[in-house]
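Heads up, the thing below is written out as structure tokens.
Reminder, nothing fancy here: chain letters follow the sequence lines and each chain counts from 1. These values consider heavy atoms only, across backbone and side chains, with no hydrogens, waters or symmetry-generated copies.
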There are 2 protein chains.
Amino acid sequence: MPRSPSSQPTEVEIQILRILWELGPSPVREIHKRLNAAKGTNYSTTVKMLSVMLQKGLVKRDEDAQPHVYRPAANRAKTGKKMLDDLIERVYEGSAMSLVLQVLSSTRASKEELNEMRRMLDQMEGK
Amino acid sequence: MPRSPSSQPTEVEIQILRILWELGPSPVREIHKRLNAAKGTNYSTTVKMLSVMLQKGLVKRDEDAQPHVYRPAANRAKTGKKMLDDLIERVYEGSAMSLVLQVLSSTRASKEELNEMRRMLDQMEGK
DNA sequence: TGATAATAGCGAATCGTTTCGCTGCGTCAA
DNA sequence: TTGACGCAGCGAAACGATTCGCTATTATCA
């Protein structure tokens, strides 16, 4: 019985994506500097991971540039949304609201954030 | 460079937890029935997974009962919250609000849900 | 020009997860 | 008793994710 692919970015992949979201398009050297600072892994590892991610379509690269420049295939919001949808599906069986309430019930928020949320609610209701 | 443990329930583990959340405390046979229906895996696999999860503290079991009865160590809300916190940390770098807004901006909600959320916002502001 | 360093890629080792075969034990009916 | 059956456990295979050593290619410059 083969295992079905997770389709979700793995741990290290997320770490790399985060670096790219923060730095913007970067050469391996830069990415490695950050990744190594975080986990102490080898340069080869970074290169390999990027090639795997390229394969999977998680990052793109400009091969004309020298050295090659990597950039995320999707931005943070889009990726986060996808992972979230997946989490909701797996744990809450599709009920996004249960989860939002869950988060709200245990999180602090600033005045601005609260207001922004009210605005959003009004908008959702007003249609 | 050793890998650091994820501390998150894995895919199959979540599947089993969901079954337990729905069914309540159950013997292996019942759990297996569901898991097998979902993925076609062997009885041995279910037993093994449960023993791994017992090891990790994800489930508990009553060994006096015959056959043994398994139950989740944490309920759905608690587990979901933990996984969510982890997701927020990994993707949104700890900003729970970014994520809530993200969800709200792309989800439909019923009148009741909207009201419940307003109530919650008021409560958060109230102190 | 030859040594040195940066860049890129590949195959294999390692690790945690998932899967299963095989074994042992207890129960129950013929 | 014996043999069929359900329950439980263990070790190892299979698999994807991660890590790295080794090699090749290209740029740098003394």
Quiz item: Can you list the steps and then say if B:Asp86 with B:Lys82 is a salt bridge (charged side-chain N to carboxylate O under 4.0 Å, His left out)?
Solution: CA-CA 6 Å; B:Asp86 197 79; B:Lys82 208 165 166 196; over 6 Å; no
Quiz item: C:dA6 P sits how many Å from A:Ile31 CD1, rounded?
Solution: 17 Å
Practice problem: Looking only at side-chain atoms of B:Met49, point me to the closest of D:dA8, C:dT19, D:dG21. | Solution: C:dT19
Quiz item: Where the side chain of A:Lys56 is concerned, which of C:dG9, C:dT18, D:dA17 is the nearest nucleotide?
Solution: D:dA17
Self-check item: Selected nucleotide, minimal atom distance to B:His68 side chain, candidates D:dA8, D:dG21, C:dC20
Solution: D:dA8
Practice problem: Could you check whether A:Val52 gets within reach of a base, just the sugar-phosphate, or nothing at all, counting any heavy atom under 4.0 Å? | Solution: nothing
Quiz item: Between atom CZ of B:Arg90 and atom CE of B:Met83, what is the distance when rounded to the nearest 0.5 Å?
Solution: 8.0 Å
Quiz item: Between the side chain of A:Glu13 and the main-chain N/O of A:Thr10, is any donor-acceptor distance below 3.5 Å?
Solution: yes
Quiz item: Out of C:dG21, C:dT18, C:dG9, which nucleotide sits closest to the side chain of B:Ser44?
Solution: C:dG21
Quiz item: For the side chain of A:Arg71 and the backbone of A:Ser26, is there at least one donor-acceptor N/O pair under 3.5 Å apart?
Solution: no
Quiz prompt | Length of the line joining A:Glu11:CD and C:dC15:C1', which is rounded to integer Å | solution = 15 Å
Quiz item: Taking B:Trp21 for the side chain and B:Ala74 for the main chain, is one N or O donor matched with an acceptor at less than 3.5 Å?
Solution: yes
Quiz item: How many Å lie between CD1 on B:Ile16 and C1' on C:dT18, as a whole number?
Solution: 10 Å
Quiz prompt | B:Tyr43, nearest nucleotide to its side chain (from C:dC20, D:dC7, C:dT17) | solution = D:dC7
Quiz item: CD of B:Gln66 versus C1' of D:dG6: gap in Å, rounded?
Solution: 10 Å
Practice problem: Please determine, for the side chain of B:Val28, which listed nucleotide (D:dA8, D:dT18, D:dC20) has the closest atom? | Solution: D:dA8
Self-check item: Rounded distance [0.5 Å steps], NZ in B:Lys33 versus CD1 in B:Ile19
Solution: 12.0 Å
Self-check item: Polar side-chain contact A:Lys48-D:dG21 base: donor and acceptor under 3.5 Å
Solution: no
Practice problem: For B:Glu63 and D:dC7, give me the distance from atom CD to atom C1', rounded to whole Å. | Solution: 13 Å
Self-check item: Verdict with supporting geometry, A:Glu63 and A:Arg61, salt bridge (charged side-chain N to carboxylate O under 4.0 Å, His left out)
Solution: CA-CA 6 Å; A:Glu63 307 194 5; A:Arg61 78 172 169 195; 3.0 Å; yes
Quiz item: Contact class for B:Thr45 (heavy atom, under 4.0 Å): base, sugar-phosphate, or nothing?
Solution: base
Quiz item: Of the candidate nucleotides C:dA8, D:dT18, D:dA8, which contains the atom at the shortest distance from the side chain of A:Pro67?
Solution: C:dA8
Quiz item: Looking at the side chain of B:Arg29, which of D:dT19, D:dG6, C:dC22 is the nearest nucleotide?
Solution: D:dG6
Quiz prompt | Length of the CG-P vector between B:Leu35 and C:dC20, whole Å | solution = 10 Å
Quiz prompt | Separation of atom CG in B:Asn42 from atom P in D:dA12, rounded to whole Å | solution = 19 Å
Expected rows: protein N/O vs nucleotides 23-28 of chain C N/O, under 3.5 Å:
none

Exercise. May I ask you to verify whether the side chain of A:Ser51 and the base of C:dG9 hold a donor-acceptor pair under 3.5 Å?
Key: no
Quiz item: Phosphate oxygens OP1/OP2 of D:dC7: is one of them under 4.0 Å from a side-chain N or O of B:Arg61?
Solution: no
Self-check item: Gap between atom OH of B:Tyr70 and atom NZ of B:Lys60 - 0.5 Å precision
Solution: 14.0 Å
Exercise. With the side chain of B:Thr10 defined as its heavy atoms from C-beta on, choose the nearest nucleotide among C:dA8, C:dT17, D:dT19.
Key: C:dT17
Quiz item: In whole Å, what is the span from the CG atom of B:Leu50 to the P atom of C:dT17?
Solution: 15 Å
Quiz item: Looking for any heavy atom pair under 4.0 Å, which part of the strands does B:Thr41 touch: base, sugar-phosphate only, or nothing?
Solution: sugar-phosphate
